[in-house]
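Remember, predicted model here, so these are calculated numbers, not experimental data.
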Amino acid sequence: MSRKVREIKKNFTVFCEGDTEHHYIEEMKRQKRFTIALKTVNMEGGGYSNFLKKLKTDGNTNSLAKFIIIDGDRAISEEGEKKKLRELLEYCILQNNRGRIPHLLIVNFPDFEYISCLHNPDYRGQNVAQFIMKEMGYKDIDAFKADTKIYSVLHKGRSSSDVMLASLNRENCFVVNEFKVNKTKFEIMVKTVYKWEKLGQRGSNINEFFEILNCF
């Protein structure tokens, strides 16, 4: 009797902190037909520690990779958050070193609103809030964050994620996940490197999120 071959599903898990990220990825996964389990983390009362608690209790073993998408400004502006970010980073590195489900920490600095502006080819480092209101037509940032169709808004006309990815200043990234993909075995090997002196500089490694999804 032949042994039953276990089917490997191409699933991903994304942990994110804000409405904008949630709405963006939720619509993106529908349009692109990515299989993503999206888990929003409430940052109130715990900050980055809430991500760590969520990761430690997450039992999703069917994921090819777990992406933890956070804003980096909290580590600069709030007391004690840099230490919590270090603990979160060290946990992700530990999982990767042990060969478990890859944990890819994605840090947007200062925040995802900045990344959103980069989708527009006319953005040249202007004030983020003013640019969102003037160029995207929102009355304020709260209206922008509440828009469930934000992915479509940022992919209208000349704006797109391709524009954003081409505009990223990757030299400023605080954290970089060096990865290798084995498509045959559906494996992702990750080595995470970081430089604390880069924290506080505008940049992001969100390109890794798009690159890995597109591998499958």
Exercise. Are Phe174 and Lys195 close enough, and set up right, to give a side chain to side chain contact (heavy atoms under 4.5 Å, CB included), and what steps lead you there?
Worked result: CA-CA 5 Å; Phe174 156 61; Lys195 294 183 178 180; 5.7 Å; no
Problem set entry | Check against side chain to side chain contact (heavy atoms under 4.5 Å, CB included), Phe34 and Ile25 | CA-CA 10 Å; Phe34 291 129; Ile25 297 171; over 6 Å; no
Exercise. Given the rule in the side chain to side chain donor-acceptor pair (under 3.5 Å) test, do Asn96 and Thr192 qualify, once you have shown the distances and angles that lead to the verdict?
Worked result: CA-CA 8 Å; Asn96 296 334; Thr192 302; 3.2 Å; yes
Problem set entry | From CA spacing to verdict: side chain to side chain donor-acceptor pair (under 3.5 Å), Ser49, Glu87 | CA-CA 8 Å; Ser49 291; Glu87 292 171 352; 4.6 Å; no
For this session: For side chain to side chain contact (heavy atoms under 4.5 Å, CB included), just list the numbers for Lys39 and Val14, CA-CA rounded to whole Å, side-chain angles, deciding distance to a tenth of an Å, and then say yes or no.
Result: CA-CA 6 Å; Lys39 303 185 179 186; Val14 174; over 6 Å; no
For this session: Decide yes or no on side chain to side chain contact (heavy atoms under 4.5 Å, CB included) for Phe51 and Glu17, but give the supporting numbers first.
Result: CA-CA 9 Å; Phe51 273 92; Glu17 64 177 274; 3.6 Å; yes
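The shortest distance between side-chain heavy atoms of Tyr91 and Lys56 falls below 4.5 Å. Side-chain contact between Val175 and Val193 is absent, with no heavy-atom pair separated by less than 4.5 Å. Counting heavy atoms from C-beta outward, His119 and Tyr151 have side chains that stay 4.5 Å or more apart. Counting only heavy atoms from C-beta outward, the side chains of Cys92 and Ile68 approach each other to under 4.5 Å. Between Arg100 and Leu94 there is no side-chain heavy-atom pair separated by less than 4.5 Å. Side-chain contact between Phe144 and Ser116 is present, with heavy atoms from C-beta onward closer than 4.5 Å. At a threshold of 4.5 Å between non-hydrogen side-chain atoms, the residues Ile106 and Ile70 do not count as touching. A 4.5 Å side-chain heavy-atom check between Val163 and Asn120 finds every atom pair outside the cut-off.
Between the side chains of Ser152 and Glu27, at least one donor N or O lies within less than 3.5 Å of an accepting N or O. With hydrogens and angles left out, the side-chain atoms of Thr40 and His22 include a donor and acceptor closer than 3.5 Å. If you check the side chains of Tyr114 and Asn108, you find no donor sitting under 3.5 Å from an acceptor.
Grouping the Ile, Leu, Val, Met, Phe, Trp and Tyr side chains by contacts below 4.5 angstrom, directly or via other members, places Val153 with Ile206. Met133 is not connected to Ile115 by any chain of hydrophobic side-chain contacts under 4.5 Å among Ile, Leu, Val, Met, Phe, Trp and Tyr, and they are in different clusters.
Using a 4.0 Å cut-off between a side-chain N of Lys or Arg and a carboxylate O of Asp or Glu, Arg74 and Asp111 do not qualify as a salt bridge. Between Glu211 and Arg170 there is a salt bridge, with a side-chain nitrogen of the basic residue lying less than 4.0 Å from a carboxylate oxygen of the acidic one.
Across all their heavy atoms, Glu44 and Asn50 have their closest contact at O-ND2, 3.5 Å. The heavy-atom pair separating Cys16 from Glu21 by the smallest distance is CB-CB, 3.9 Å. Across every non-hydrogen atom of Asn205 and Val107, the tightest pair is OD1-N, 2.9 Å. Between Met136 and Cys117, the shortest heavy-atom contact is CE-CA, 4.1 Å. Here the closest heavy-atom approach between residue Leu165 and residue Asn207 is recorded as CD2-CA, 3.6 Å. The shortest non-hydrogen separation linking Ile101 to Ala65 is CG2-CA, 4.0 Å.
A side-chain donor-acceptor contact under 3.5 Å links Asp71 to the backbone of Phe112. Remark: the backbone N or O of Lys54 is not paired with any side-chain donor or acceptor of Asp58 at under 3.5 angstrom. At least one donor-acceptor pair closer than 3.5 Å links the side chain of Asn172 to the backbone N or O of Arg202. Between the side chain of Gln126 and the backbone N or O of Arg124 there is at least one donor-acceptor pair closer than 3.5 Å. Proximity of a side-chain donor or acceptor of Ser63 to a complementary backbone N or O of Lys66 within less than 3.5 Å is not detected. The backbone N or O of Asp19 sits nowhere less than 3.5 Å from a side-chain atom of Lys145 that would complete a donor-acceptor pair. Judged purely by atom type and a 3.5 angstrom limit, Tyr48 has no side-chain atom pairing as donor or acceptor with the backbone of Arg86.
The CD atom of Glu197 sits 10.0 Å away from atom CG of Leu199, with the distance rounded to the nearest 0.5 Å. Going from atom NE2 of His23 over to atom OG1 of Thr20 covers 7.0 Å, rounded to the nearest 0.5 Å. Separating the CG atom in Leu85 from the CD atom in Glu90 is a distance of 10.0 Å, to the nearest 0.5 Å. From Leu154, atom CG reaches atom CE of Met28 across 12.5 Å, with rounding to the nearest 0.5 Å.
No more than 12 heavy atoms of other residues, nucleotides or ligands shown are found within 6.0 angstrom of CD on Glu171.
Note: Phe12 and Phe67 have tilted aromatic rings, judged against thresholds of 30 and 60 degrees for the angle between ring planes. Using cut-offs of 30° and 60° on the angle between ring planes, the pair His155 and Tyr24 is tilted.
Put simply, the residue from Leu105, Ile212, Asn177 that forms a side chain to side chain contact (heavy atoms under 4.5 Å, CB included) with Val190 is Asn177.
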